[in-house]
Amino acid sequence: MTADSDSLETQEWLDAFDAICRAQGSERATFILDQLQEHATQQGIQLPKSVTTPFCNTIPVNRQKAMPGDLFMERRIRSLVRWNALAMVMRANQKSEGIGGHIASFSSAATLYDIGFNYFFRGNQGDHLGDLIFFQGHSAPGMYARSFLEGRLSEQQLDNFRREVDGEGLSSYPHPWLMPDYWQFPTVSMGLGPIQAIYQAHVMRYLSARGLVPREDRKVWAFLGDGECDEPESLGAISLAGREELENLVFVINCNLQRLDGPVRGNGKIIQELEGVFRGAGWNVIKVIWGRHWDALLEKDTSGLLVKRMNEVCDGDLQNYKYNGGAYTREHFFGKYPELLDLVKDMTDDQIMALNRGGHDPYKVYAAYAEAMESKGKPTVILAHTVKGYGLGGAGEAANDTHSVKKLDIDSLKKFRDRFAIPIADDQLESVPYYRPAEDSPEISYMMRQRENLGGPLPARRASFEAMQAPSLEAFIKQLESSGERQISTTMAFVRVLSTLIKDKNIGNRVVPIVPDEARTFGMEGMFRQLGIYSSAGQQYVPHDHQQIMYYKEDKKGVILEEGINEAGAMSAWLALATAYSTSACPMIPFYIFYSMFGFQRIGDLAWASGDSQARGFLIGATAGRTTLNGEGLQHQDGHSHILANTIPNCKSYDATYSYELAVIVQNGIKCMYEDQENCFYYLTTMNENYVQPEMPKGVEDGIIKGMYQFASAVDASAKLKVKLMGAGTIFNEVLAAAEILRQDYQVEADIWSLTSVNQLVREGQAIDRWNLLHPTDKPKTAYITQQLGDSADPVIVATDYMKAYGEQIRPYVRQPMHVLGTDGYGRSDSRTALRHFFEVDRHFIALSALKALSDQGHIKASVVEQAIKKFAIDPEKLNPLYQ
Ligand SMILES: Cc1ncc(C[n+]2csc(CCOP(=O)(O)OP(=O)(O)O)c2C)c(N)n1
Ligand SMILES: [Mg+2]
């Protein structure tokens with residue numbers, strides 16, 4: 001800032017401005033400023049650009065909505081919550097050292113939650129569907145403690161915090177998978193809560209625009225840490241929220257200025273930084289920096305020096321003041337300017353220490369939430385200034401290592417008890433007993449009444465939903481037939497399956513295609529016009545291609561979610577729809593179609609959170625396969641997504657070859673998830689290689705679902721030389737070609753299986769193994785794979801477009817000699833033929849593997865194999881693709 005060269009003139013301007021504010025209000029004042037700004041720009045004057053305001057509360061005292069409840073009662077309740085949260089973590093660690101838990105995060109956030117519980121968070125009793133609340137993962141002990149006071153959780157359950165294996169334990173963090181009636185959203189992986197919340201709010205609007213779920217006044221609340229804001233996922237989607245005017249979204253960022261290791265921005269100001277970022281993204285920003293005890297000081301400070309000092313200090317200083325206390329703060333904060341020292345000369349050090357931060361002041365927090373409720377056309381972020389480890393005193397308040405504090409020594413515990421007036425005697429303190437006043441005590445009655453008025457206790461998750469009827473397989477008759485002469489890819493076949501589903505009168509309107517700017521790649525552009533692309537703004541321009549049949553149609557009631565080049569966003573939209581059965585009592589069937597390489601590998605942690613969330617829906621890894629997506633090269637060719645998909649326990653994955661396989665899998669998937677209400681979701685790969693799609697053979701449906709079925713049998717079953725060939729996806733066509741070579745050139749006959757899901761087969765095999773292990777005297781059961789392959793010793797060759805590790809998984813269930821072909825190594829751009837030779841999964845390598853296996857068995861001579869290598873033009877010294 002430049003120096004003030006004429007302070008009298010400056011004062012005149014300020015007085016004039018104040019007069020406008022007083023006489024005509026803030027709207028007129030803003031107008032005048034806008035006019036001045038425009039005028040200055042026209043004069044060519046460069047104006048300083050700022051998206052931040054001074055380090056002060058956004059809501060001035062005179063605009064602060066008054067909190068209607070009983071401040072003192074609420075403080076008592078909050079103290080009880082604080083105590084029980086602390087007791088739970090301490091007792092868990094007394095019983096079992098190292099079991100963990102956190103105290104400091106919730107300590108800093110207790111008021112932020114309390115105000116929400118007492119006045120704002122709506123439960124889902126009655127007609128109201130309830131607000132969606134993302135609780136910060138490390139604050140879970142605080143939520144359990146409140147539920148304990150409400151009588152929802154017992155002492156025993158609290159004692160089983162982090163002991164989930166036996167009995168009714170409480171999960172370490174919010175996990176709907178583990179506590180399906182309680183936690184709604186997994187949040188503890190930093191960044192996933194905020195991005196999920198944004199897309200929940202977005203999808204809430206989408207569902208209401210389509211007339212599926214009434215919009216009402218539901219809100220999505222997301223509580224997150226200031227350190228967490230460093231995650232790209234936390235801030236990466238905030239512009240969507242601004243652009244889409246998600247007024248149903250409230251972020252509460254607990255700015256305790258610390259993360260795990262130390263300060264978030266020791267040398268800067270995280271609140272100011274976040275203010276700029278969010279305001280720039282079109283959010284309504286409410287800073288709650290200073291508590292009400294500062295108000296009197298600020299009013300007294302007519303020189304503006306106090307605000308200047310507030311602006312000057314960095315977060316490291318602010319943390320240091322709280323750590324060192326009142327005397328230190330007097331000397332180092334106020335002491336910089338004699339006028340400020342003078343301002344606090346009548347205050348004791350304790351009073352200075354008690355100058356509270358905004359996030360610990362119920363009045364300030366209430367006013368901020370109340371204003372957020374009224375925000376129109378903008379999401380709101382509340383930046384609440386707090387103290388990490390609040391109330392822990394010397395045991396960790398504002399200390400760099402407070403995040404990991406799990407217990408207080410007896411002295412600190414006494415101080416904590418006294419500070420929060422918990423009626424527990426000294427001689428009982430050692431065991432840190434829980435404390436819960438009687439059912440009819442004023443405290444419990446008050447907190448119960450507040451929740452009753454707001455629709456019941458929270459957190460709570462709706463676990464059940466009304467089943468939907470899946471279409472029968474006959475509905476997909478076109479996809480079960482042969483494509484005749486026409487060659488089509490499975491990606492195209494999938495689009496047809498999707499079109500059939502969308503026409504279904506029962507569930508068609510629940511189907512939502514989601515794409516991250518790749519619909520044309522998958523041949524889905526026909527759907528733009530047919531279904532429309534959801535846009536809350538409709539289409540305010542004439543699309544240049546409007547005269548074409550398949551023009552780019554944006555629509556307020558559009559069905560397709562086109563989320564732009566944003567896999568994390570599209571996945572979050574999918575997750576919001578995939579959990580709509582729970583969050584909005586409206587089961588949806590989302591299909592997220594993406595480049596398979598940019599699927600699990602890119603958004604793996606969101607997929608993991610989806611499993612935890614009990615998502616229902618389909619993920620489609622399109623243009624999949626290491627050698628099938630020719631030309632695109634190393635970064636595009638996926639040879640491992642099925643291995644990644646298999647890491648998620650409730651994700652079923654399939655690598656289909658044919659249109660009818662896809663139809664059977666999708667039909668069965670809908671039946672499993674929505675009719676039988678199985679808790680799972682699906683990952684399917686589809687490819688862009690065109691070939692003729694055959695008609696479905698009779699009776700293969702069950703095998704398709706289980707993971708393998710016999711597609712063809714040896715023409716001459718009594719042939720001397722026989723092998724069993726298995727293949728998946730497009731490589732199955734290579735298997736068929738290899739069988740031809742073997743029969744014609746080597747008189748080797750083959751039984752052939754289509755391997756629709758190695759992962760599903762192996763899960764079944766492992767379950768059988770386990771059963772046999774635990775039931776040694778019972779008749780052993782046999783895995784489905786083993787049954788299919790029978791007793792003959794004919795060697796088995798497995799070939800897929802995925803890493804060998806994928807196919808190798810079935811080895812324990814194969815009694816025959818077995819050889820696996822797969823695509824290990826980095827991809828590269830070339831033709832499919834060249835790639836399949838390079839990765840050694842083409843027909844020649846399959847045939848060669850079969851011959852070698854027969855030679856190993858002594859059925860043919862090694863020289864025949866050697867000749868085959870020559871005949872197939874394979875260089876025996878060819879480099880291993882794994883290392884190239
Ligand atoms: C993706 C991810 N990385 C790291 C962690 C480990 N972790 C847990 S809490 C935490 C610090 C959180 O700081 P902040 O967001 O400021 O929350 P606070 O506890 O201060 O409220 C870290 C690094 C995690 N949970 N998730
Ligand atoms: Mg923090």
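If you're wondering where the values come from, they're calculated on a predicted model, not measured in any experiment. Ligands are counted one by one from 1 in listed order, and the atoms in each one are counted from 1 as well.
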Exercise. What residue and heavy atom of the protein are closest to atom 14 (P) of ligand 1, and at what distance?
Worked result: Gly227 N, 3.6 Å

Seminar exercise, completed: The option among His403, Arg259, Met190, Gln258 carrying the non-hydrogen atom nearest to atom 4 (C) of ligand 1 is Met190

Exercise. What distance separates Ile270 CD1 from Leu257 CG, expressed to the nearest 0.5 Å?
Worked result: 9.0 Å

Seminar exercise, completed: Note: Leu260, heavy atoms under 4.0 Å from ligand 1, region reported as both

Exercise. With atoms numbered from 1 as shown, which atoms in ligand 1 lie under 4.0 angstrom from a non-hydrogen atom of Asn254?
Worked result: 21 (O)

For this session: Check whether NZ of the Lys or CZ of the Arg Arg309 lies under 6.0 Å from the centre of the six-membered ring of Phe55 and within 45 degrees of that ring's axis.
Result: no

Problem set entry | Contact check: Asp226 to the Mg ion (ligand 2), N/O/S below 2.8 Å | yes

Problem set entry | Atoms in ligand 1 flagged as close to Lys388, the criterion being non-hydrogen separation under 4.0 Å | 18 (P), 19 (O), 20 (O)

Seminar exercise, completed: When rounded to the nearest 0.5 Å, the distance separating CH2 of Trp221 from CG of Leu112 is 10.0 Å

Exercise. Backbone or side chain, does Asn256 get an N/O/S atom under 2.8 Å to the Mg ion (ligand 2)?
Worked result: yes

Exercise. So which of Phe681, Tyr682, Tyr592 actually passes ring pair (Phe, Tyr, Trp, His ring centres under 6.0 Å) with Trp574?
Worked result: Phe681

Problem set entry | Protein contact to atom 19 (O) of ligand 1 [nearest heavy atom, distance to 0.1 Å] | Ser105 OG, 2.5 Å

Exercise. Should you measure from each heavy atom of Val188, which atoms of ligand 1 turn up under 4.0 Å away?
Worked result: 24 (C), 25 (N), 26 (N)

For this session: Provide, to 0.1 Å, the distance between atom 17 (O) of ligand 1 and the closest protein heavy atom, together with that atom's residue and name.
Result: Gln136 NE2, 3.1 Å

Exercise. Taking only heavy atoms of Asn256, which atoms of ligand 1 are found under 4.0 Å from at least one of them?
Worked result: 18 (P), 20 (O), 21 (O)

Exercise. Quick one: which ligand 1 atoms are inside 4.0 Å of a heavy atom on Glu228?
Worked result: 14 (P), 15 (O)

Problem set entry | Those atoms of ligand 1 less than 4.0 Å from some heavy atom in Ser189 | 1 (C), 26 (N)

For this session: Flag atom 6 (C) of ligand 1 as yes if some protein heavy-atom distance to it falls below 4.0 Å, otherwise no.
Result: no

For this session: Give the C-alpha distance, both sets of side-chain angles, the deciding distance and a yes or no for ring pair (Phe, Tyr, Trp, His ring centres under 6.0 Å) between Tyr390 and His360.
Result: CA-CA 9 Å; Tyr390 182 82; His360 293 293; 3.8 Å; yes

Problem set entry | Whether Gln258 has an N, O or S atom under 2.8 Å from the Mg ion (ligand 2) | yes

